[in-house]
Every structure is written in C-alpha cells, then in structure tokens.
Amino acid sequence: MAKITVNFEKCKGCALCTTACPKKIVELQKEKRNRKGYFTAVCIDDSQCIGCAMCATMCPDCAITVEK
Amino acid sequence: MAVVFEKPKALADITFHYCPGCTHGIIHRLVAEVIDEMGIEGETIGVCPVGCSVMAYDYFNCDMIEAAHGRAPAVATGVKRTNPDKFVFTYQGDGDLAAIGTAETVHAATRGENIVVIFVNNTTYGMTGGQMAPTTLPGQITQTTPYGRDPELAGYPVRVCEMLATLSGTALAQRVAVNSVPHIREAKKAIKKAFENQRDKKGFSIVEVLSTCPTNWGLSPVDALKRLEDEMIPYYPLGVYKDTNAFPPKEAE
Amino acid sequence: MERNLMKGNEALAEAAIRAGCKCFFGYPITPQTEISAYLAKRFRQAGGVFLQAESEIAAINMVLGAASTGVRAMTSSSSPGISLKSEGISYIAGSDLPCVIINVQRGGPGLGGIQPSQADYWQATKALGHGDFQLLVFAPSSVQEMVDTVTKAFDLADEYRMPAMILADGLLGQMMEPVTFPEISAKQIDKPWAANGHGNKREHNIINSLFLQPDVLEKSVRDRFERYAEIKEKHAEAELYMTDDAEVVVTAYGATARVAKSAVNMAREQGIKAGLIRPVTLWPFPVKQINEGSKNAHTLLCVEMSMGQMIDDVKLAINCSKPVEFLGRTGGVIPKPSEVFEEIKRLAGGAK
C-alpha cells in the first residue's frame, strides 16, 4: 500500500516524473491547469504504486510527497 | 502509511522560480537533504552565485550570502577562514565558476580551502537567455554561437573536474549528473562525501553536476534529459577525478 | 604609555589589530605592502586571519565574506588595486556590510608611478563602484593620526553598516614617526544581521544586494541615504589652523596639509594673514567647517597632489561665494612649502 501526492500548485508539468516511474502510472492530466497554467502530474492507478519514490526523486520542484 | 519522501527541511516551502524541468531544483534538494541528514542547517552558510540560481538564498533555510559574479569561492574563503567550525558551501553555474570566476575557483582549490563547491554545468548562460558558456560543447548553438561553437573562433570547453584534480589542495573532484534516478542517487552520495570532507577538514571538495536547460536548449524537459545523456556525458565523463580518501596524495604536504 | 618609532603602514596595521580587526585579506602592491607583511607576522601572535589572496578582486570578496559573518575585516591596497576592488566595494555597500579599506595612494592613471599622490579623491568620495552609495572617507595627515583613525573607522563602519576608507598616500605610508597606541576599547556593536549560522535559534539571515523590484531597491537605497544624512550631520570633521583672522585660507588634506601648514607659518612670519582648513573626513565633507574657517577670507587656495579634485567640493561648500584658486602637483611630485607660500603671498597681494 503506497501513494503519491502531487502538490497541484508547485507542479510545473515538466513530466520528468513520468520518465522515472517503473510502473508507468504517473502521467500529466489534461483537465485542469494550475494557477501558473500547467497541466500537472497525477498517479493514474494508486493500486499499482509501490512507493519507490522515483518520481519524487526526479521532480525538480519538490512537488511530490510519497507515503508507504 | 508513513511519509517516505518529502521536501527536505533545509529547503524553504516556496515554489522555485526555475523553468519547468530545470534540474537546478533537483540539485537544490540534494544539497538540502544532505544538510538535513547531517543535522547541520544551523551551522551552515551558503554562498550563491550570479546566474539562474542567484536567488537560491531564498530557497535554502540556512544563512545565505549573495556573491558577485564568479566571486563565491573568495566570499566562502572569507567566511570559512573566520568561522572554521561552520559548514560553508558555494552553489555556482558554469559561467560563474569557469569563466568570470576561474581565478577564484582555482585558487580556492589550490589553497585547499575547506569548503564545498556545487558546480552546476548546463553548457549555457541560462539567466541572460542562452549565450555561450565556457562549457558549451563544440557545435552547440547558442545566442552568441549562432552557427554552433567553433573551437577555431571560440576555443574549447573547459573540463573543470579534470583541471582541478591536478591541484594538491583538492580533496574531492567528482562529476555526476541528474538526468536519471540512478545518477541522482550517485550525485547525492558525492555531495554528502563533499560535506563529510569538510567536517573532517580534508580540504576543497567540488561536485560538478551535469544539468539541463530545456528552455535555452530549445528542448522539452524530457528531451533535455536525453541530450544530457547522449551529448554531455560523452564529453564530460562522469566519475571521481580525485578523492584523497581513496587515493591519498603522494607528495608530503 | 609606550612610544614607538614606526612606519605609517606598520602603524596602521598594528592599530587595526588593537581595534579588534580579526582578519586581513590583501594582495601586494607598492607602496602599501608593509601592511600585509606586518599582519602576516603579527596576526599569528595576536590571533587573527591573514591571507594573501590571488587578486585584489578576491581579497575584497574575502572581506565581504568575513564581514558577512560579523567579524571586523580589513583590506588595503594602492590606487590601481583599489580600482580592482571597486566591484566588491559596491557589493559591500549594497549589502550593508561594515569593513575598513586602506588606500595608500600612488600616482596614476594606469600603472602610474609609485610615488605619493592624491589623485584618487574623486574615486574615494564620488565613485568607488557602480550605484548610489558612499563610503566613510578619512584623511589622516600623520602616522599618529592614522593610528587613531583606524578605531574610529571600524566603529563608525559597524555603527552605520557601511564600508570605511582610510585615504592615505605613499608619503604617510612610508614615513616614520613616533606613535603611541592608546588603550583602545573597540565598541562592541551587536550584529543580529550576521550570516554566521542561525544555530536553529532564529530565522535565516541573508546578506544580499539584489532587489529586482524597483520600489524595493529604491527603498533600500533611500534608507541608506537617511543614514548618510545623519553621518553628514554628526561626523564631518576638519582641523582649523589660524583661520580666525585669515584673509587667504588654504584647504588641503593628508600629507599635503603638512606642507600647507608650513607655508601658512612662513606667511604668518611675513605678516600675511593666512590660515589652513584641513578636512579630516573627506566624506562626509566638512562643509560647515569650511564656511566657518573661511568667513574672513577673500580668497581660498586649494592645494592637492592632483590636478584638482577636492577643489570642486570646496567650491560647492561655499557655494562659489569666493574665489577658490588651485595649486597642485601630480604624478608623484610633492609640492614644496615654498611653492605654496609664494602662491599665498601672490593671492594676499604681496608681503605686508
């Protein structure tokens, strides 16, 4: 049981986290822009998250918190 | 569930001004993580450069000093010599460290100043809009090398770790990168080793971090990671160029 | 009290240690190198940091670093080296840091010469780097006065959080005179702004001169100028010599004032009512004292080892209400008392 939380306002939608996820479950959502105008990263399937924190390690904006 | 990864305490809870995908943020975080792990925030003084990371003084929660362009190693020397028990680090880009500040860098190293230098090499002047840096690769197009860097006209890139490794005062010269999770983990170990060197009074430690500048390279953040891997690492090989812990200096000093 | 025969440069260095200076960063240049050499030796005994930097630029930035942590820091140089330091001095002023900078002036421009000069007056008082800022500028005229000025320079620099300069010249730096070092109790000024590690006891301190918002930058400069206004009010100093009835008043500072004083004495022996105003602080400029000392004068004579730099401030001080004549030697030539006397005599309309 693990999960990531993306800080909606800190995320700049750079997508670096999407390259790091071994489960390929981190993507940029295309529905809602944050105040800076970015589509932010989300986990599309919490059930598959293993809490490896690779996405957070790759994030240049400290926008991802990981719990396990 | 317990939190297994979050923003380190030594970083302020504010959004960086860096462009999306700029890896400065990763490097900031690694330095802050090391400060947290060693429990030294209250005894650390950071020195910022002029360049994209000029406002790093707002991001690190330790005491901070803003230096003139290229002068951070001299400022850090003044801090460390008068406060030998404190931890002092500089955070500098390639123009700052390897062009305008070359003399300050080389002499801080050769004196064996007991400081940590975090050197961010992204092969361009980011803050001023993407001009040629001392580390710009041959053929690389920038604002001031619109036809690509021609070594006949603009000279060759400076390989900083290789150069500083020749100096007796250098304790650690290591090049790392932040374009993948394994590289980031290696980078953190190097930064930690540099701070531990300072704690153990080993002398000058520089960690060169190959970094990206998606905006001025004209690439998406993800493509920029790829350029780092495919073009920068072959020219600037990763690795330890000098480590007096592993290879004690031959000459008696 | 102990009385020593000392060279000006060495006396300055000893005085700095007694004023609580904890570090010196410098680069060799004639005619001030004795300051470095003396401190390299003495700091080992007295407890302090001496470091020969790779350049003047590095030296002033080391001063910036040390001063940022709240310790008393000093550097010294001579004219061409001060030009190199000007970048760092601007940053020090913009970061509201205290320090002491010594300029033992030599002839210029360019590499110039190594003989005494006062051609850096404009640089010291008007434009020691880019941006709106001032330094405290002191102009001692004897070895003893150099000693006494060092403590004052450190104290005022700390009090007002700004750089202070002692503007000497090759003559004062190289000459030997008897000096006594008074018991000094350097002021202990609290520095809660210092970046010396917050120890988890306070918010982090930032030493910085960057303000990207124009209104914020304007405010920081205006705040500094409020402090400057207070300094102008409280700390302008000049020595007035025989000015009460003087009809020809000489203005001169530093080593040149000694020459001028001899000339005034020669004039008085001939019955000429001459006097001398010697600015002790060049910034703030002693405007009141210039007006007070020249109230009975019909003519002022500014004597400098330059082509005429302080003369502008003398004219401004009296609003050009009287003629201000000029006598200067430059390039390392020191004016003779007889030259100055002849000029006083001419301006007074001949011997009485």
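Below, read A as the first sequence line, B as the second, and so on, with proteins coming before strands; counting in each chain starts at 1. Just so it is clear, the structure is predicted and the values come from calculations on it, not from any experiment. Note that these values count all heavy atoms, side chains included, but never hydrogens, waters or copies made by symmetry.
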Chain B heavy atoms under 4.5 Å from A/Ala2: which part of the residue, side chain, backbone, both or neither? backbone
Pair A/Thr65-A/Thr5, side-chain donor/acceptor within less than 3.5 Å: no
Which of the residues A/Gly13, A/Ala20, A/Cys59, A/Ala63 is involved in the greatest number of heavy-atom pairs with chain B at under 4.5 angstrom? A/Cys59
B/Ile14 versus chain A, the contacting section by heavy-atom distance below 4.5 Å: backbone
Plane angle bin for B/His28 and B/Phe60 - parallel if under 30°, tilted between 30 and 60°, otherwise perpendicular: tilted
Evaluate the ring planes of B/Tyr125 and B/His69, with Trp represented by its six-membered ring, and classify them as parallel (under 30°), tilted (30 to 60°) or perpendicular (over 60°). perpendicular
Heavy-atom proximity to chain B below 4.5 Å, by part of A/Lys3: both
Portion of B/Asp13 that has a non-hydrogen atom of chain A nearer than 4.5 angstrom: both
For A/Cys52, is it the side chain, the backbone, both or neither that has a heavy atom under 4.5 Å from a heavy atom of chain B? backbone
Contacting moiety of B/His17, where chain A heavy atoms sit under 4.5 Å: backbone
Any ion pair linking B/Lys193 and B/Asp243 (charged N to carboxylate O, less than 4.0 Å)? yes
Check B/Glu41 with B/Lys9, please: is the shortest side-chain N to carboxylate O separation under 4.0 Å? no
Toward chain A, the part of B/Ser220 with a non-hydrogen atom under 4.5 Å: neither
State whether B/Phe119 and B/Arg175 meet the cation-pi test: NZ (Lys) or CZ (Arg) under 6.0 Å from the six-membered ring centroid, and within 45° of the perpendicular axis. no
Region of A/Thr57 that comes under 4.5 Å of a non-hydrogen atom in chain B: both
Structural part of A/Ile64 lying under 4.5 Å from a heavy atom of chain B: backbone
Minimal non-hydrogen separation, A/Ala15 against A/Leu28, with atom names: CB-CD1, 4.0 Å
